[in-house]
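Below is one structure, written out as structure tokens; comments come after it.
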Protein chains: 2
Amino acid sequence: MNIGQAAEASGVSAKMIRYYEQIGLIEPPARSQSGYRVYAEPNVHTLRFVRRARSLGFSVEETAALLALWRDRSRASADVKTLALKHVAELEEKAAALQAMAATLRHLASHCHGDKRPDCPILDTIGSPN
Amino acid sequence: MNIGQAAEASGVSAKMIRYYEQIGLIEPPARSQSGYRVYAEPNVHTLRFVRRARSLGFSVEETAALLALWRDRSRASADVKTLALKHVAELEEKAAALQAMAATLRHLASHCHGDKRPDCPILDTIGSPN
DNA sequence: CTTGACCTTCCCATGATGGGAAGGTGTAGC
DNA sequence: GCTACACCTTCCCATCATGGGAAGGTCAAG
């Protein structure tokens with residue numbers, strides 16, 4: 001399987017597969033005589049793991065840690081759970097920060113007429129000298 | 001006022017002030033004979049505006065648009081409100097995405113014993129072949 | 001006049017991703 | 001066997017906003 005097929009099968013773009021290899025997240029695959037990367041099923045499996053971890057908001061570095069745990073059959077599930085819950089807390093913190101911004105802005109907007117007049121509490125507040 | 005004082009007064013780091021100037025978000029300030037940037041109150045006011053817009057999650061580009069509206073005394077408040085509400089929607093979308101990740105992961109974690117045994121539904125799910 | 005705090009510009013790094021160029025390979029159809 | 005086209009390789013560049021740091025100039029206090 002060439003990189004394009006592995007990309008298709010895993011949902012990770014060819015560009016990203018090369019990048020993950022370059023930074024050491026995944027193992028370099030076999031190469032054909034002409035230098036093409038050759039992927040087998042286990043490689044694709046790993047790529048899918050990476051894609052899912054990324055889609056859960058884990059950074060590449062965190063994904064590397066998860067991958068190591070995944071491959072370590074003697075890991076303690078407590079280690080995984082700890083990592084996961086710490087990540088959940090970070091995600092929720094970021095979500096809360098975004099929602100706080102949205103709430104503030106929505107509040108400002110609710111006081112803005114939204115007509116042709118220039119008067120606008122949104123800009124007034126953002127630009128207030130205080 | 002030198003850049004350090006402007007940074008202090010506005011809450012924007014000196015590095016960022018130079019950067020904002022470089023990319024054209026803010027006007028180049030006056031210079032002293034020796035080449036130091038010299039800021040007056042209106043400059044600091046602008047910097048504060050920028051800092052607040054950024055802290056509400058507006059990108060630098062969006063901040064530039066807001067700044068233009070702020071300076072345009074004949075703007076229609078509708079334009080500002082439209083921009084703001086569009087941004088609110090984006091913020092809420094991002095927040096929802098993060099919360100969805102958190103919820104998924106929290107759910108997975110709730111099924112993980114979190115003890116010394118290796119068995120772990122979190123990794124099992126992320127690494128499932130499907 | 002020295003010292004230390006401040007300023008200048010310039011370059012580099014981050015994190016994850018995409019775009020694209022220049023050139024090699026593999027294969028299908030003729 | 002040749003041509004065309006899809007695919008592969010590496011390499012460099014861009015993004016976005018921010019910080020770090022080096023090399024060198026300036027200013028004010030002692």
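First the proteins, then the strands, lettered A, B, ... as listed; each starts at 1.
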Distance-only check: which donor-acceptor pairs under 3.5 Å involve side-chain atoms of residues 78-85 of chain A, not counting sequence neighbours?
from, atom 1, to, atom 2, distance (Å)
A/Lys81, NZ, B/Ala109, O, 3.4
A/Lys81, NZ, B/Cys112, O, 2.7
A/Thr82, OG1, A/Ala78, O, 2.8

| said: When you measure from the side chain of B/Arg51 to the backbone of B/Ser10, do you find a donor-acceptor pair of N or O atoms at a distance under 3.5 Å? | reply: yes
In this structure, how many angstroms lie between the [atom2] atom of [N] and the [atom1] atom of [X], rounded?
X	N	atom1	atom2	answer
A/Ile23	C/dG15	CD1	P	9 Å
B/Ile17	D/dA17	CD1	P	17 Å
A/Gln5	D/dC8	CD	C1'	11 Å
A/Glu61	C/dA13	CD	P	18 Å
A/Gln22	D/dT9	CD	C1'	14 Å
A/Glu21	D/dT10	CD	C1'	12 Å
A/Glu8	D/dC8	CD	C1'	16 Å
A/Arg31	D/dT9	CZ	C1'	8 Å

| message | Less than 4.5 Å apart, side chain to side chain, heavy atoms only: is that true for B/Arg73 and A/Pro118? | response | no
| field | Greater than 12 external heavy atoms within 6.0 Å of A/Glu93's CD | value |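 Incorrect, the count does not exceed 12.
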| said: Can you confirm whether B/Glu61 is buried at CD, in the sense that more than 12 heavy atoms of other residues, nucleotides or ligands lie under 6.0 Å from that atom? | reply: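 Atom CD in B/Glu61 is not crowded, with 12 or fewer foreign heavy atoms closer than 6.0 Å.
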| query | Within less than 4.0 Å of OP1 or OP2 of C/dT8, is there a side-chain N or O belonging to B/Arg37? | reply | yes
| field | Sugar-phosphate only, base, or nothing, as touched by B/Arg18 at under 4.0 Å among non-hydrogen atoms | value | base
| Can you give one letter per nucleotide of nucleotides 18-30 of chain D, 5' to 3': B if a protein heavy atom sits under 4.0 Å from the base, S if only from the sugar-phosphate, - if neither? | BSBB---BBS---
| A/Glu90/A/Lys86 salt bridge by N-O under 4.0 Å criterion |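 Result for this pair is yes, salt bridge flagged.
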